[in-house]
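Everything on this sheet refers to the single structure shown next.
Because the structure is predicted, anything quoted here is derived from the model rather than measured.
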Amino acid sequence: VQLVESGGGLVQPGGSLTLSCVASGFDFSTYWMHWVRQAPGKGPVWVSRIKSDGSGTMFADSVKGRFSISRDNARDTMYLQMNSLRVEDTAVYYCVRDSREFSFDYWGQGTVVNVSS
Amino acid sequence: QSALTQPRSVSGSPGQSVTISCTGTGSDVGGYYYVSWYQHLPGKAPKLMIYDVSKRPSGVPDRFSGSKSDNTASLTISGLQVEDEGDYYCCSYAGFYTYWVFGGGTKLTVL
């Protein structure tokens, strides 16, 4: 199982960014997937989830209305569209697989998002 | 401030045992049997070590064990090894509106 995130970078407050996560080594289309972020020196924070068929998306209150999650099962890829970015969105963003047991069994290495003027 | 409270650091010598606590509330740790623990070693992706409070995924040594009492979960690492040194995070399912909450992390030092 491998999860590879990309798309992070430096963006100004109010800007937008789209993260991608390419999965391999398992049947991507049958697993729920999540985004989890971790700000410098802090613990992880769950951000969003998407069901295996792309339905049933959920978001943390801190990003609701600003972020959207989607997936392309034909390309084994998940996305996180981030709009109206704030300084407090600065973090490492991890692509994470749902274990089907209310936990997260595989994580990517993460991609860094830095929101700063 | 993270939703779940963990000690900032713990330490032990090789061969010893250490326990890391994770304190939440009746809405997360105390309300569900869905506590998980993650190991994050420098330069590596986080790794699932314990799920459903006390279950170990395939490949995780039985030196790692988990338990829960009321609103506090615990991760015990016995027979400490130098390669266990890193950060450990607890996580709990917290219901339909909050979903998942994490601890702030505990840095394990193997002296």
Kindly compute the distance separating CE (Met58(A)) from CZ (Phe96(B)), expressed to the nearest 0.5 Å.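 Atom-to-atom, Met58(A):CE and Phe96(B):CZ are 7.0 Å apart.
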Say you draw a straight line from OG of Ser58(B) to CG of Asp105(A); how long is it, rounded to the nearest 0.5 Å?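 Going from OG on Ser58(B) over to CG on Asp105(A), the span is 11.5 Å.
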Out of Tyr97(B), Tyr38(B), Tyr51(B), Tyr93(B), return the one with the most heavy atom pairs under 4.5 angstrom to chain A.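 The answer is Tyr38(B).
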Check His40(B) against Gln38(A) and note the closest heavy-atom contact, atom names and distance.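 Residues His40(B) and Gln38(A), closest heavy atoms: ND1-OE1, 4.3 Å.
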Please give me the minimum heavy-atom distance between Cys91(B) and Phe104(A), naming the atom from each residue.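 In this case the closest contact between Cys91(B) and Phe104(A) is SG-CE1, 3.8 Å.
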Side chain from CB out, backbone as N, CA, C, O: work out which of these in Tyr32(B) comes under 4.5 Å of a heavy atom of chain A, or both, or neither.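 Neither part.
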Check each atom of Pro46(B) against the heavy atoms of chain A and say whether the ones under 4.5 Å are side chain, backbone, both or neither.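 Both backbone and side chain of Pro46(B) come within 4.5 Å of chain A.
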Which atoms of Val96(A) are under 4.5 Å from chain B, going by heavy atoms: the side chain, the backbone, both sets, or neither?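 When you check distances to chain B, no heavy atom of Val96(A) falls under 4.5 Å.
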Do [X] and [Y] belong together in a cluster built from hydrophobic side chains that touch within less than 4.5 Å?
X	Y	value
Tyr93(A)	Val115(A)	yes
Val47(A)	Phe102(B)	no
Val1(A)	Tyr31(A)	yes
Phe67(A)	Met33(A)	yes
Phe28(A)	Leu19(A)	yes

Quick one: list whatever passes side-chain hydrogen bond (donor to acceptor under 3.5 Å, both in side chains) with Ser99(A), sequence neighbours left out.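 If we apply the side-chain hydrogen bond (donor to acceptor under 3.5 Å, both in side chains) test to Ser99(A), skipping adjacent residues, the hits are Ser103(A).
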What residue, out of Gly41(A), Gly43(A), Pro44(A), has the most heavy-atom pairs lying under 4.5 Å from chain B?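 Of Gly41(A), Gly43(A), Pro44(A), Pro44(A) has the most heavy-atom pairs under 4.5 Å with chain B.
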Would the Trp100(B) and His34(A) ring centres measure less than 6.0 Å apart?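 Ring-ring flag for Trp100(B)/His34(A): true, centres closer than 6.0 Å.
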Is there a side chain to side chain contact (heavy atoms under 4.5 Å, CB included) between Phe102(A) and Tyr33(B) once you walk through the steps? CA-CA 9 Å; Phe102(A) 288 88; Tyr33(B) 219 69; over 6 Å; no
Do side-chain atoms of Tyr106(A) reach the backbone of Leu48(B) as a donor and acceptor pair under 3.5 angstrom?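 No, because the side chain of Tyr106(A) does not come within donor-acceptor range (under 3.5 Å) of the backbone of Leu48(B).
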Can a donor-acceptor pair be found between the side chains of Tyr34(B) and Glu101(A) at a distance below 3.5 Å?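 No, no side-chain donor-acceptor pair sits under 3.5 Å.
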For Asp70(B), I'd like to know if atom CG has over 12 heavy atoms of other residues, nucleotides or ligands within 6.0 Å.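 Counting other residues, nucleotides and ligands, CG of Asp70(B) stays at 12 neighbours or fewer.
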When you look at CZ of Arg75(A), are more than 12 heavy atoms from neighbouring residues, nucleotides or ligands closer to it than 6.0 Å?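 Not buried by this count: 12 neighbours or fewer within 6.0 Å.
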